Amino acid sequence: MVSFEHGVTAVGTFLRQRGKKQCPAAWQLGVAGGDAGGAHCWDATAARKRTMKPLKLFGMVVFCGLLSPTQGVLSGLSCAISPRAMQQVLSDAIIQTGLLEKHLQGMALPNIMSDRGLLSSPTIITGLHLERSWLPTLSIALLPGIGMQLVVTVHLDLSGNCLMGILSEVIAISLDVTITSNIKSTSFELGTVHVTVDDCFCILGAVKIKLISGLLSLSVHDMVFSHLTATLPGLLCPVMDAVSEIVNVQLLSTLNVVMPVGLKGMVHYHLVGPPFTSGSSLMMDLDGTVQQMGGSIIPHDSYASTLPPLLDGLLIIILRQSFLSSLLALLLHIQPYTFPCSSEAVSATALRCTSAAPPACTSCPAASPLSIRVECVGNPILLLEPNKATVELSVLLQVFVKRPDGSVIILLLLKADLSLNVRLSISRGSLMLAFSLSRVSLFLESSDIGISEISNLKPHLTKLLVEIYLPRLNAVAGDGIPLPDVFGITLMGAELQILLVSAGHGSALL
């Protein structure tokens with residue numbers, strides 16, 4: 001969902017992602033779920049002392065929904081992500097990419113040794129290693145106002161060499177383990193959210209042990225079970241720390257990105273405040289720095305506003321009107337251009353311009369060809385109403401002729417104030433705009449040949465704008481406005497609407 005906001009009325013264009021590709025998630029890793037199987041739960045903190053490391057926030061989204069007054073943060077964009085979308089994104093990043101499996105394979109499992117009895121030799125298990133991890137699942141739970149809980153359940157198959165007395169044989173150990181960790185935001189500084197991963201603990205399910213000979217004593221089973229309960233939390237929690245940090249950095253990189261706006265310049269999307277979780281979504285405020293190619297920054301107003309609910313959407317992106325207007329100023333900037341009066345519309349206009357000259361005009365050219373110069377004036381302004389988007393802009397039209405000596409006679413210098421209807425759509429991750437003329441107002445600025453009445457020229461000049469200027473305007477807008485690729489979510493099948501968001505500001509949402 002993407003939205004635009006403007007001065008007096010809050011209107012937004014909403015885009016909801018409904019496909020299987022779900023929007024990513026929160027500023028914390030959280031998985032809730034997994035069957036403990038009645039097994040005992042060990043706190044990793046008790047098993048080992050861990051230094052709490054700051055992690056970077058991996059969520060930054062532009063959305064419209066469940067953000068109460070967006071925490072008062074001034075921004076040009078906002079976003080919300082549903083728990084379902086966050087779970088899918090994290091599952092893709094942690095499980096589907098093989099990241100978790102890779103780090104599990106790197107675990108160094110210690111040897112296991114039983115106590116030596118008076119009449120028996122010790123049992124020693126060496127070379128213990130992970131054969132495979134399989135059937136991983138991931139779930140999350142949002143902790144309102146705190147962060148997120150991540151729960152990962154995975155089945156582990158271990159193997160090693162078991163020495164009992166003088167006999168040595170292969171031992172196979174199979175178990176399910178559930179790893180739970182909480183991720184909490186600690187600070188926000190220079191566009192980076194620092195979080196800590198804490199309260200990590202592991203729940204072991206039933207442990208199955210097999211020996212090739214089948215001669216497994218209860219004491220060996222108890223020895224292996226006790227050893228795993230004591231050592232696995234100290235091995236698995238660091239794995240989740242490392243995996244979470246990698247994923248956080250990856251996801252955060254999608255929210256701090258510089259994107260080209262055609263060949264005109266660029267927009268730098270970045271986080272402007274810490275994310276916030278409710279029981280139903282992760283919410284974030286961003287801004288975008290719009291800069292001309294090799295030139296200055298185009299400013300825009302930023303403000304806080306109440307956003308519409310996420311409802312059944314996966315991701316909502318809101319682009320506020322002022323921010324979008326700054327992007328339009330960059331996208332629709334056209335260098336002045338001149339064309340000869342060759343087409344039917346232009347020739348008719350030229351004829352009318354010539355015939356509008358006063359009868360006593362001595363400087364009017366007799367048969368010299370006319371040219372028309374078009375120049376944009378000022379920046380376009382976006383106006384939003386319920387289910388309607390309009391752009392207002394002004395252009396100067398100069399109808400002139402060149403004398404044989406190279407001097408120029410300006411027959412007409414007109415200012416045209418255009419009101420353009422805007423059709424919005426989403427394509428290739430960009431907000432696409434198509435313009436059509438709604439109305440035009442013409443004002444005479446000057447005339448070197450004394451023309452003072454232009455009412456009879458309006459139909460011809462309007463036709464000229466429709467046939468000559470609008471195609472060029474739509475061409476320069478052809479690349480659209482790039483949108484942030486929030487957590488790698490592809491905006492396919494997006495629903496675009498313009499809705500009332502809040503009094504005082506308008507927004508268009510995706």
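Since the structure is predicted, the reported quantities are computational estimates derived from the model, not experimental observations.
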Steps toward side-chain contact (heavy atoms from CB on, under 4.5 Å) verdict (Leu457, Leu442): CA-CA 9 Å; Leu457 296 176; Leu442 294 174; 5.7 Å; no
Audit row: Asp199, Lys184, salt bridge (charged side-chain N to carboxylate O under 4.0 Å, His left out) steps and yes/no: CA-CA 10 Å; Asp199 301 328; Lys184 303 175 183 178; 3.5 Å; yes
Cys202 vs Cys237, disulfide (SG to SG under 2.5 Å): CA-CA, chis, key distance, verdict: CA-CA 8 Å; Cys202 299; Cys237 284; 4.3 Å; no
Test side-chain contact (heavy atoms from CB on, under 4.5 Å) applied to Leu412 and Leu397, step by step: CA-CA 8 Å; Leu412 282 175; Leu397 297 175; over 6 Å; no
Residues Ile481, Val267; criterion side-chain contact (heavy atoms from CB on, under 4.5 Å); working and verdict: CA-CA 9 Å; Ile481 294 174; Val267 55; over 6 Å; no
Candidate pair Phe339 and Ile372, rule side-chain contact (heavy atoms from CB on, under 4.5 Å), full reasoning: CA-CA 6 Å; Phe339 50 89; Ile372 297 180; 3.9 Å; yes
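Nearest heavy-atom pair across Met266 and Leu330 is N-CD2, 3.9 Å. For the residue pair Leu424 and Ala389, the shortest heavy atom distance occurs at CD1-CB, 4.3 Å. Here the closest non-hydrogen pair linking Leu130 and Arg132 is CD1-O, 3.3 Å. Residues Leu138 and Ser91 approach most closely at CD2-N, 4.0 Å, considering heavy atoms. Contact detail for Pro83 and Gly279: the closest heavy-atom pair is CG-O, 4.5 Å. Shown here for Leu156 and Ser133, the closest heavy-atom pair between the two residues is CD2-CB, 3.9 Å.
With a 4.5 Å cut-off on side-chain heavy atoms, Leu433 and Leu328 count as touching. Looking at heavy atoms from C-beta onward, Leu437 lies in side-chain contact with Leu420 at the 4.5 angstrom threshold. Contact of the Leu414 side chain with the Leu444 side chain is registered, since non-hydrogen atoms from C-beta on lie closer than 4.5 Å. The side-chain heavy atoms of Ile146 and Asn182, taken from C-beta on, include no pair separated by under 4.5 Å. Using a 4.5 Å heavy-atom threshold, the side chains of Ile95 and Leu90 count as separate. Residues Asp301 and Arg320 form no side-chain contact, since every pair of their non-hydrogen atoms from C-beta on lies 4.5 Å or further apart. Residues Pro482 and Val261 are in side-chain contact: their nearest non-hydrogen atoms beyond the backbone lie under 4.5 Å apart. Contact annotation: the side chain of Asn379 never approaches that of Ser325 to less than 4.5 Å [non-hydrogen atoms, C-beta and beyond].
Without hydrogens or angle criteria, Ser181 side chain to Cys200 main chain gives no donor-acceptor distance under 3.5 Å. Here the side chain of Asn474 pairs no donor or acceptor atom with the backbone of Ala434 at under 3.5 angstrom. Side-chain N or O atoms of Ser278 include one that pairs as donor or acceptor with a backbone N or O of Ser280 at under 3.5 Å. Checked by atom type and distance alone, the side chain of Gln291 pairs as donor or acceptor with a backbone atom of Gly295 at under 3.5 Å. Proximity of a side-chain donor or acceptor of Lys458 to a complementary backbone N or O of Val440 within less than 3.5 Å is detected. Remark: the backbone N or O of Leu411 is paired with a side-chain donor or acceptor of Ser447 at under 3.5 angstrom.
Residue Leu263 places its CG atom among 12 or fewer non-hydrogen atoms of other residues, nucleotides or ligands, all under 6.0 Å distant.
Using the six-membered ring where Trp is involved, Phe323 and His300 have ring planes that are perpendicular, over 60° apart on the 30 and 60° scheme.
Taking CG of Leu332 as the reference point, atom CG of Leu327 lies at 10.0 Å (rounded to 0.5 Å). Between atom NE2 of residue His103 and atom CG of residue Leu99 there is a gap of 5.5 Å, rounded to the nearest 0.5 Å.
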